[in-house]
Amino acid sequence: MTATEIRPAGKASLPAGRGRTRRGGMTRYVLARVARLLSIIAGVTFISFFLLKLTPGDPVATALGPEATPEQVERLRASLGLDRPAWEQYLDWLGGVLHGDFGTTLTQPSRPVGGELAARLPVTLQLIALTIVLSLAISIPLAVWSAHRAGRTFDRAVSSVLYGLVALPGFVAALLLVLVFVFHADAARTAGLAVAGAALAMTVVAALRSRRARSSPLPPLIGGGAVAAVGLAVYALLPDFPRQGFVPLGEGVGANLTSVALPVIALTFVDIAVFTRLLRGDMITELAKPHVLASRAKGMSTAHVLLRESLRPSMFSLITVVGLTIGQLIGGTIIVEHIFRLPGVGSLLVASVRNGDHPVVQAAIFVIATVYVTVNSLIDIAYAYLDPRVRQVNS
């Protein structure tokens, strides 16, 4: 045996350059994603810019009003560079964006478009963040317990409710929430108390039946107790929600959360249904795998089996869908913001389309597309980092 064949005992030998190859593969994957991101953003801005040029009407004349003279219209058009060819206007706009300048609004008095977006974007981002946090906080426990009780009463009840939530559009949910919790708040409090009382009575009956059948009364106690707690919370803690408007964080956290509570709840309905169904299906698959069955045979606790053995490997698909949902919510808040008169990017986009303010519309589309593509690219990169098989498939 030569000296080069002697290796320290207990240490596995790695092929030379293997770690460097892995890092190089990840670097190439990231660079490819960044290149794709930039190309998609450029394509979206190019198409949207020229589609806006094809829309009927004169945005300059609309901005100045019917009393403007032709000379005033031509003067403003020349000052904004709108009398030049469309491709020159696009390159000029793109150059300004690269330097952080989105131009000025057409509506008078003129204002920097970037300032308008900077003032509106935090409202939309708060809606998105609260929607994702609330959806995950509700859907993960529901999915875990539904997978554990698959095919039983709790699972069937949750599945029925989720099917109804999927079919409920966000704007319909927003209108229903306004009708119930704004215009009939006292009736909602009374209904919450009635639901709590009925849930407690049904819980006692179900627990007694379970005891007679010599089965565990814990599931009906947990389910009924949760429903009763929600009903009592509605009765005792339901605030007076505003019909419209937004309270900034600087004026108080409680007032701010109250002003965005109904819009956030309206946006969470579909997300809760999608997240729960997806995670439940993945967890049921994981619970049937041999290593999970072996853990159960070894006497591992239910919490260990559900949370460590099943939930952690089932989160990959959920993380991907959450990334897609964040991107969709950037544009999906438009109708909800309009209903509740929230000063977000969505309401700004609606007002700008109505007023023919093309620079604001173009900048808003750019921001929405950039956030959507960036978030999903980050999710792809994180997924590829955690699972090298993704890099091999997409390389």
Side-chain angles (χ1 to χ4, degrees), residues 28-63 73-74 76-107 110-121 124-125 128 320 323-335 337-338 344-381 394:
R28 288 192 299 271
Y29 184 84
V30 171
L31 292 176
R33 287 294 171 184
V34 172
R36 183 180 300 180
L37 181 150
L38 296 176
S39 64
I40 292 175
I41 294 175
V44 170
T45 59
F46 180 84
I47 294 173
S48 61
F49 187 90
F50 285 95
L51 284 178
L52 287 174
K53 294 296 181 182
L54 296 176
T55 56
D58 187 352
V60 176
T62 303
V73 173
E74 292 300 327
L76 180 59
R77 182 178 288 109
S79 65
L80 296 174
L82 299 179
D83 56 343
R84 295 181 297 170
W87 64 270
E88 289 186 9
Q89 297 179 39
Y90 174 73
L91 293 178
D92 184 63
W93 177 85
L94 188 60
V97 169
L98 295 177
H99 291 86
D101 181 14
F102 290 94
T104 58
T105 63
L106 294 180
T107 55
S110 296
R111 302 172 305 279
V113 176
E116 290 290 303
L117 289 175
R120 302 293 190 109
L121 190 58
T124 301
L125 293 180
I128 294 172
T320 303
L324 294 171
T325 303
I326 292 174
Q328 292 171 353
L329 283 174
I330 291 289
T333 59
I334 292 176
I335 298 178
E337 287 181 5
H338 187 65
V345 175
S347 59
L348 175 65
L349 182 59
V350 172
S352 300
V353 170
R354 184 170 55 247
N355 298 329
D357 202 338
H358 288 182
V360 179
V361 175
Q362 180 69 20
I365 293 174
F366 173 80
V367 170
I368 293 172
T370 300
V371 173
Y372 184 88
V373 177
T374 301
V375 169
N376 285 279
S377 296
L378 292 175
I379 293 294
D380 289 343
I381 292 172
N394 293 279

How close do Tyr90 and Ala42 get, heavy atom to heavy atom, and via which atoms? OH-O, 3.6 Å
Which heavy atom of Gly323 sits nearest a heavy atom of Val375, and at what distance? O-CG1, 3.6 Å
What are the two closest non-hydrogen atoms of Ser377 and Leu37, and how far apart are they? OG-CD1, 3.5 Å
Has Thr124 got a side-chain atom pairing as donor or acceptor with Val345's backbone, closer than 3.5 angstrom? yes
On a heavy-atom basis, the closest approach of Ser347 and Arg120 is OG-NH1, 3.2 Å
Would you compute the distance between atom CG of Leu121 and atom CG of Leu348 and round it to the nearest 0.5 angstrom? 10.5 Å
Got a sec, which residues hit side-chain hydrogen bond (donor to acceptor under 3.5 Å, both in side chains) with Ser352, two or more places apart in sequence or on another chain? none
Run the ring-ring contact (aromatic ring centres under 6.0 Å, His included) test against Tyr372 and tell me which residues pass, sequence neighbours left out. none
Tell me whether the count of non-hydrogen atoms from other residues, nucleotides or ligands lying under 6.0 Å of CZ in Phe50 goes above 12. yes
Residue pair Glu116 / Thr105: nearest heavy atoms and the distance that separates them: CG-CG2, 4.3 Å
Qualifying residues under side-chain contact (heavy atoms from CB on, under 4.5 Å), relative to Gln362, sequence neighbours excluded: Thr45, Ser48, Phe49, Leu52, Trp93
Distance-minimising heavy-atom pair for Leu349 and Ala364: CD1-CB, 3.8 Å
Atom pair CG/CD1 of Leu329 and Ile368 - distance to nearest 0.5 Å: 11.5 Å
